[in-house]
Structure formats: structure tokens, C-alpha cells
2 protein chains.
Amino acid sequence: MTRPVCTRFHAAIELIGARWTGAILRAVFTDAHRYHEIKAAVPGVSDTMLAQRLRAMEADGLLTRQVDTGTPVRVEYHLTEMGRDLAPVIDAVVAWSHRWIPIPAGGDPD
Amino acid sequence: MTRPVCTRFHAAIELIGARWTGAILRAVFTDAHRYHEIKAAVPGVSDTMLAQRLRAMEADGLLTRQVDTGTPVRVEYHLTEMGRDLAPVIDAVVAWSHRWIPIPAGGDPD
DNA sequence: CTGTATCCAGACTGATACTG
DNA sequence: CAGTATCAGTCTGGATACAG
């Protein structure tokens with residue numbers, strides 16, 4: 001009989017695959033560390049969602065939030081080791097997407 | 001300035017990361033091809049969701065649906081080349097999950 | 001066996017306005 | 001700059017019953 005899917009795999013894919021999380025992850029990987037940078041890098045995300053997702057990802061241990069109190073306030077998000085370790089996953093998805101997802105009209109920044 | 005996230009990557013991660021899709025993919029990869037096998041391999045999924053996700057994945061070109069009219073009806077789901085090509089992604093997620101997701105109580109079938 | 005139809009509570013999302 | 005509060009609309013997901 002077919003074995004149930006590994007619960008750890010399940011947990012992981014639901015974690016990484018949660019709406020926006022993948023795109024945010026990729027943004028932080030590619031040097032977007034400030035709130036407005038991440039927002040700019042993830043077209044279509046609203047403040048509500050971005051803030052919520054960042055909090056969730058922080059709670060999940062994927063990234064850290066460093067607040068630099070001052071004027072203006074600066075907040076930086078960085079990957080934890082757990083988050084950085086997702087690099088192979090990101091790379092695999094990028095490779096797959098480049099093979100199977102058609103290039104959108106107007107080209108793609110990559 | 002930070003570049004926008006690759007739209008193809010975004011599309012891919014939202015495709016693969018959609019609720020249940022990852023687990024279903026993993027199930028089909030590990031030889032669950034019939035509806036009831038997949039359902040058994042993905043604990044917690046309802047008929048509604050499973051049917052909906054299978055249709056969506058078929059529409060997305062990730063898998064094929066072969067109906068064998070008879071009594072009882074048999075339906076088999078198989079990966080397309082596009083779906084099979086996700087193997088490295090699945091493997092990367094499995095590797096990551098085994099490193100970072102704690103083993104649930106009672107052990108894990110893997 | 002392999003689903004579909006319907007209902008409905010609750011989760012999710014986005015716009016707007018506002019705060020420190 | 002980096003969010004939060006609020007609110008309303010949309011979508012999700014499961015239970016149940018039913019169909020081919």
C-alpha cells in the first residue's frame with residue numbers, strides 16, 4: 001500500500017509555498033532587505049499581506065527582523081541559517097520555471 | 001536598486017506551492033496513481049479539495065488523467081514530463097525538511 | 001470507485017486612513 | 001520609513017448528500 005506522504009515534507013512545502021512567501025524569500029535572497037525594497041521586488045503584494053507574511057516568516061524562523069530605532073526608522077530583514085539553507089530549493093524552482101514557464105510579454109528581469 | 005522577482009519564478013512557486021499541490025505531487029511521485037491511493041497518501045485532504053487540485057494540476061499540465069470506463073470506474077493519474085521534471089525541486093524540499101522540520105511524535109513514514 | 005452539488009463558517013485580501 | 005486598524009468583499013475548505 002502507498003505510504004502516506006512524509007509529514008515533514010508536507011509541513012515544509014506548505015511553509016515555503018504559502019502565498020507570497022516564495023516571492024519574498026527570493027527577494028531577500030537577492031539583496032532586498034528593507035521593507036520598501038521587498039515591497040518593490042514583489043509586485044502586487046499589499047502592505048497588509050507583506051507585513052503579515054514577514055511576521056509569519058519571522059515566527060517560522062526563516063528570517064530575522066532588526067529594528068534600528070531612529071528617524072526615519074530602519075528595519076532590516078535577513079535570512080536565518082534555516083532560511084539560507086533553502087537556496088537549493090529556490091535554485092531548483094528557478095531552473096524548473098525557466099524551462100517550463102513561458103516568458104511573459106515584455107521579457108523578464110529574472 | 002533591487003530588481004523585481006522573476007515573474008516566472010513567482011508563477012512557478014505559486015503553482016507548486018498551492019495548497020495540497022506539493023503533497024499530491026509527492027504522492028504521485030511515490031507511486032500513488034489512483035484516486036483513493038492519492039487520498040490515502042495525503043492525510044487530511046477532503047474529496048472536494050483533492051478533486052479540485054487534481055483538475056487544476058491537469059489543467060496546468062503537471063499530470064494526465066486516464067479514465068478506464070468500466071465497473072468500477074478506474075482513473076489513473078500520471079506525471080507529465082513537466083511534472084516529472086519537478087523531481088529536483090521535490091528532492092531539495094525533502095532534504096531541507098529533513099534537516100529543519102522536527103520529527104513528529106510517533107515517528108514519520110518519510 | 002470516483003467523483004460532483006450545495007451549503008456555510010471562517011480565513012484571506014486589499015483599500016484606505018492613520019500612527020510613531 | 002515601516003508599518004497598524006478597520007472594514008467589506010472574496011475565496012477557501014470541509015461536511016454531507018448524491019451521481020455515474
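In what follows, every chain begins at residue 1, and chains take the letters A, B, ... in the order their sequences are listed.
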Criterion side chain to side chain contact (heavy atoms under 4.5 Å, CB included) on A/Arg26 and B/His10, from CA distance to verdict: CA-CA 9 Å; A/Arg26 174 94 152 114; B/His10 193 186; over 6 Å; no
Among C/dT13, D/dC1, D/dG20, which nucleotide sits nearest the side chain of B/Val73? D/dG20
What nucleotide, of D/dG13, C/dC1, D/dC1, holds the atom closest to the side chain of B/Arg19? D/dG13
Where each residue is assigned the nucleotide of DNA chain C containing its nearest heavy atom, which of A/Thr48 and B/Val75 is assigned the position nearer the 5′ end? B/Val75
D/dC1 OP1/OP2 closer than 4.0 Å to side-chain N/O of A/Tyr77: no
So A/Arg53, base contact, sugar-phosphate only, or nothing? Heavy-atom distance under 4.0 Å. nothing
I want to confirm an ordering. Mapping A/Ala51 and A/Pro72 to their closest nucleotides on DNA chain D, which one lands closer to the 5' end? A/Pro72
Between P of C/dG3 and NE2 of B/His36, the distance in whole Å: 12 Å
Whether the B/Asp85 and A/Trp100 side chains hold a donor-acceptor pair (N or O, under 3.5 Å, no angle test) is what I'd like checked. yes
Rounded to whole angstroms, how far apart are CE on A/Met49 and C1' on D/dT4? 13 Å
Return no unless some side-chain N or O of A/Arg55 is found under 4.0 Å from OP1 or OP2 of D/dT4. yes
Option from A/Met57, A/His33, A/Arg84 for which side-chain contact (heavy atoms from CB on, under 4.5 Å) with A/Leu79 holds: A/Arg84
Selected nucleotide, minimal atom distance to A/Ser46 side chain, candidates C/dG14, C/dG3, D/dC1: C/dG14
Short side-chain N/O contact from A/Arg34 to OP1 or OP2 of D/dA2, under 4.0 Å: yes
Assess the residue pair B/Glu76 and B/Arg74 against the criterion (salt bridge (Lys or Arg N to Asp or Glu O under 4.0 Å)); give the C-alpha distance rounded to whole Å, side-chain angles, the decisive distance to 0.1 Å, and a yes or no. CA-CA 7 Å; B/Glu76 295 205 346; B/Arg74 299 170 115 264; 3.8 Å; yes
